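These numbers come from a predicted model, not from an experiment. Just follow the structure's listing: the first ligand is 1, and inside any ligand the first atom is 1.
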Amino acid sequence: MAYQKCINCGREYSIDEIVYFCKKCGDLLEIKYDEGELAEALRDNKWRSVPLSVWRYRHFMPISDATKVVSLNEGGTGFHLCQRLAKHLGIRQLYVKNEGENPTGSFKDRGMTVGVTKAVELGVKSVICASTGNTSASLAAYAAKAGLQCAVLIPSGKIAYGKLSQAMIYGAKVIQVRGNFDQALDVVLKLSEKHRSIYLLNSINPFRIEGQKSLGYEICDQLNQEAPDRLVVPVGNAGNISAIWKGFTEFHELGLVNTLPKMTGIQAAGSAPIAQAIKTGSDTIIPVAKPETVATAIRIGAPVSWKKALNAIRESHGTAETVTDTEILDAQKTLARVEGLFVEPASASSIAGLKKLVENGEIDKDERVVCVTTGHGLKDPDTAVKMSEKPVEVDAEITAIEEALGLKEQVAILAR
Ligand code: F0G
């Protein structure tokens, strides 16, 4: 039987209690399982014949009623061997786990399928979140599928257009907050304490983390029951790196893989309290009051899951690094042009971080590396258009097009 447990004082809560922070010490909660029961449920190996997806790992999820599952076919995302990019970066083996291939275009769907299923199990009628964009898009979609009311709080003017359009078309009540994500999250936490009937689905909700941990499971299964040497992932509010680490450690404890990867978190230079804490060896973070970056998805100064993230990085002997906006946008372009993968700026920070860590010798070129790209490039078309060469406009005449393609010059050269 699964239960909720405080990561600090160990106090336990029932799986059916709506509680976001420990009532005794105020820290975050996580879901725990009876390992014996889990091992028993997995013994017949039937789960292995279910196609790769979040719900292939149903036994590892804290959901008791399979008939209530709210799914849009999340997970089972592409695991791309990137030989050209690996060569470009000077490493032996690189995979990109491309989470933009989820139903609403980001890894958030893994968490929302479980979180919204839990909401249905609990019998709540409305759900809410604060978001830099992707969480709101995902929650709005799953709430629509489940027939729940949905409200999302977003920082005014600071979310990418694709994400805004998603939250709106799925029918969520969209509230633009005058302030940044951290302020929006702060107010939504207070609101959901005051109005207990509104279920909060930010990543402090441990059921969301359970869905997102499937990212770690899938990578092991896509590597034929092996863990990579290193996992590189963008970090914002820090739920995802914590979730992926939970996935890897659970597979390891069950004997499904023999090793664990070094967890490597990448933050944008203007919003990097976790990377800062890792670099200075601090046990706590100093929040950034005015976070800034072109990667609006990770424009977060006070990550709520910082403690889980520091733990994942340190326990795994990993590291954290910062990347500038220029490095992020260069990496986005390179990934698109060398591997045909179009990801949003925040996602490209994992590639930018890998490049930096290889260059400064912190990542060995013989390591087997997996970079997670967290959201689809079409989430933020404005940035992509802004940083690319402008299209040329010509008349619909063959000579004009020959000129635009430089074909006339080639003919002239050949004729010489
Ligand atoms: N990449 C993308 C594309 C994201 O949308 C986010 C988070 C992250 C990385 C960082 O993940 O917060 O778990 O460390 N987006 C949240 C949102 C905050 O509201 O959509 P994290």
Return the orientation label for the F251 and Y217 ring planes: parallel under 30°, perpendicular over 60°, tilted otherwise. parallel
Please identify which atoms of ligand 1 are closer than 4.0 Å to at least one heavy atom of T135. 16 (C), 17 (C), 19 (O), 20 (O)
Go through it in stages, so that I can follow the logic: the residues are E327 and K356, the test is salt bridge (charged side-chain N to carboxylate O under 4.0 Å, His left out), and I'd like the CA-CA distance, side-chain angles, deciding distance and then a yes or no. CA-CA 9 Å; E327 289 166 335; K356 202 165 192 173; 3.3 Å; yes
If you measure every N/O of Q212 against every N/O of ligand 1, is any gap under 3.5 Å? no
Closer than 4.0 Å to some heavy atom of I298 - which atoms of ligand 1 meet that? 8 (C), 9 (C), 10 (C)
Got a sec, which residues hit side-chain hydrogen bond (donor to acceptor under 3.5 Å, both in side chains) with D380, two or more places apart in sequence or on another chain? T383
If the cut-off is 4.0 Å to any non-hydrogen atom of V235, which atoms of ligand 1 fall inside it? 14 (O)
For the 3.5 Å polar cut-off, considering only N or O atoms, please tell me whether S131 and ligand 1 meet it. yes
Among all protein non-hydrogen atoms, which one is nearest to atom 10 (C) of ligand 1, and what is the separation to 0.1 Å? G236 N, 3.5 Å
Identity and separation of the nearest protein heavy atom to atom 2 (C) of ligand 1: T374 OG1, 3.3 Å
Looking at CG of D382 and OH of Y161, how far apart are the two atoms once the value is rounded to the nearest 0.5 Å? 8.0 Å
Crowding at NZ, K194 (>12 non-hydrogen neighbours, <6.0 Å): no
Any idea which atoms of ligand 1 are less than 4.0 Å away from a heavy-atom of F107? 1 (N), 2 (C), 4 (C), 6 (C), 8 (C), 9 (C), 11 (O)
contact_flag N202 ligand 1 heavy-atom lt 4.0 Å: no
Quick one: list whatever passes salt bridge (Lys or Arg N to Asp or Glu O under 4.0 Å) with K32, sequence neighbours left out. E30
Residue pair K173 / Q149, side-chain donor-acceptor N/O under 3.5 Å: no
Evaluate N240 for polar contact with ligand 1, using N/O atom pairs at a separation under 3.5 Å. yes
Please step through side chain to side chain contact (heavy atoms under 4.5 Å, CB included) for the pair I278 and R314, ending with a clear verdict. CA-CA 8 Å; I278 291 293; R314 293 204 166 117; 4.0 Å; yes
May I ask you to test the I266-S349 pair for a side-chain heavy-atom distance under 4.5 Å? yes
With atoms numbered from 1 as shown, which atoms in ligand 1 lie under 4.0 angstrom from a non-hydrogen atom of E344? 3 (C)
Residue of the set E99, E210, E101 for which salt bridge (charged side-chain N to carboxylate O under 4.0 Å, His left out) holds with R110: E99
Tell me the protein heavy atom at minimum distance from atom 12 (O) of ligand 1, and give that distance in Å. N237 N, 2.7 Å
Taking both backbone and side-chain atoms of I241, is any N or O found less than 3.5 Å from an N or O belonging to ligand 1? no
Just say parallel, tilted or perpendicular for the rings of W47 and Y57, cut-offs at 30° and 60°. tilted
Around atom 16 (C) of ligand 1, find the nearest protein heavy atom and jot down its residue, atom name and distance. K108 NZ, 2.8 Å
Reported OG1-to-CG distance for the pair T319 and L357, which is rounded to 0.5 angstrom: 6.0 Å
Using distance alone, determine whether N134 and ligand 1 share an N or O pair under 3.5 Å. yes
Geometry only, no angles: is A238 polar-contacting ligand 1 at N/O separations under 3.5 Å? yes
Judging by distance only, is a nitrogen or oxygen of G239 under 3.5 angstrom from one on ligand 1? yes
Nearest-neighbour protein heavy atom for atom 4 (C) of ligand 1, which is reported as residue plus atom name and distance: A297 CB, 3.5 Å
Give the numbers and elements of all ligand 1 atoms closer than 4.0 Å to a heavy atom of I300. 18 (C)
